[in-house]
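Each ligand, and each atom within it, is numbered from 1 in the order the structure gives.
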Amino acid sequence: MAAQAEPLHDIAHLGSVELFTPKPEKSLWYFRDLLGMEPVHQSGPSVYLRGYGDYATSTLKLTAAANAGVGCVSWRATSAQALERRAKALDDAGLGLGWSNGDFGRGRSYRFRDPDGHVMEIYYEEQKFVAPASLHSTLKNLPQKYTGRGVCVRRVDHLALLAKDVEANRKFAQELLGFQLREQVRYDKGKTEIGSWMSPTAIHHQLAYVVDVKGAHGRLHHFSLWVDNRDDVLRAADILSENGIFLEAGPSKHNNSQGFYLYTYEPGGNRVEIYTGSFLVMAPDWEPVTWDEEERGTGTYWGATLPDSFIQYATPNVEGEGARQGA
Ligand SMILES: [Fe+2]
């Protein structure tokens, strides 16, 4: 067996994702009233929200902007020392943007860009969420009452970013952030890397890079929120349909990740996935699963084929038709 590099454990988990929206009021309605997330803070053009099971104060930052897309993707470090180590490594790699005093509920943070240009940051200090009296749970280990409002998503799960060069970004996530590669899609007898799914945790993937068929940079494919079972995904389809929300794909089951999914567009235009059922990975020597064209198929294990928009549409939107590859 080949000697393995000592794994990095400097990143603990995905902390939060900032989404830009040109329709802030309608996007807030979607996340608060339909998905059941709780707004906890407002600052300038941004509203901060959380799922009832998120133990961080906030896991979604919704920011009014001219165009839809992804803002800052925040990762929590495993310690103050880990934060310093990663900041130095990212700075040495020429990707650093510098330190800030931290966003709402957090201590000092280090910002950087991935090779494709997406903005990210790492922080360690975090304010523990203290529920107001109206949101106290009678269950001591639940940070906030299960309100049952709308879909009532439990927590943030992952996000998928588009990248012009998947391989370069996958290597960055493995080597500089220490993420474990879980699955890949490779075409052309393995030569072309179409997508890579990675994680710093036991969660199957917290970050995916998928090829941008339009050759753009810094775009979002989707942001994913977790519910506990398939019934909740089916119920989400009913609730969102009743409220005129576009359902792009699902409920169906992916082959890669085994996830049971529903893809919708929030009113601002970003693709949001309601997700459950994927498996956990605890093995330190996990061998990535690679899918070729034939094995990957349409990306579904069963259920309706993913529509062409799943490959072509991302935020911010770029007009025109890209060369068809996987996603
Ligand atoms: Fe996903």
* Asked: Is the OH atom of Y301 crowded by more than 12 outside heavy atoms at less than 6.0 Å?
  -> no

* Asked: Can you check whether R149 reaches R32 side chain to side chain, under 4.5 Å on heavy atoms?
  -> yes

* Verify salt bridge (charged side-chain N to carboxylate O under 4.0 Å, His left out) between E126 and R76, making sure each step is shown before the conclusion. => CA-CA 9 Å; E126 178 176 81; R76 191 172 185 199; 3.4 Å; yes

* Is L8 reachable from I122 through a run of hydrophobic residues whose side-chain heavy atoms are each under 4.5 Å from the next? -> no

* Linking directly or through intermediates, with side-chain heavy atoms under 4.5 Å: list the remaining ILVMFWY members grouped with F104, chain and number order. => V40, Y48, F129

* Asked: Which protein atoms of type N, O or S are found under 2.8 Å from the Fe ion (ligand 1)?
  -> H158 NE2, H222 NE2, E273 OE1

* Polar side chain donor-acceptor pair, Y261 to E273, under 3.5 angstrom -> no

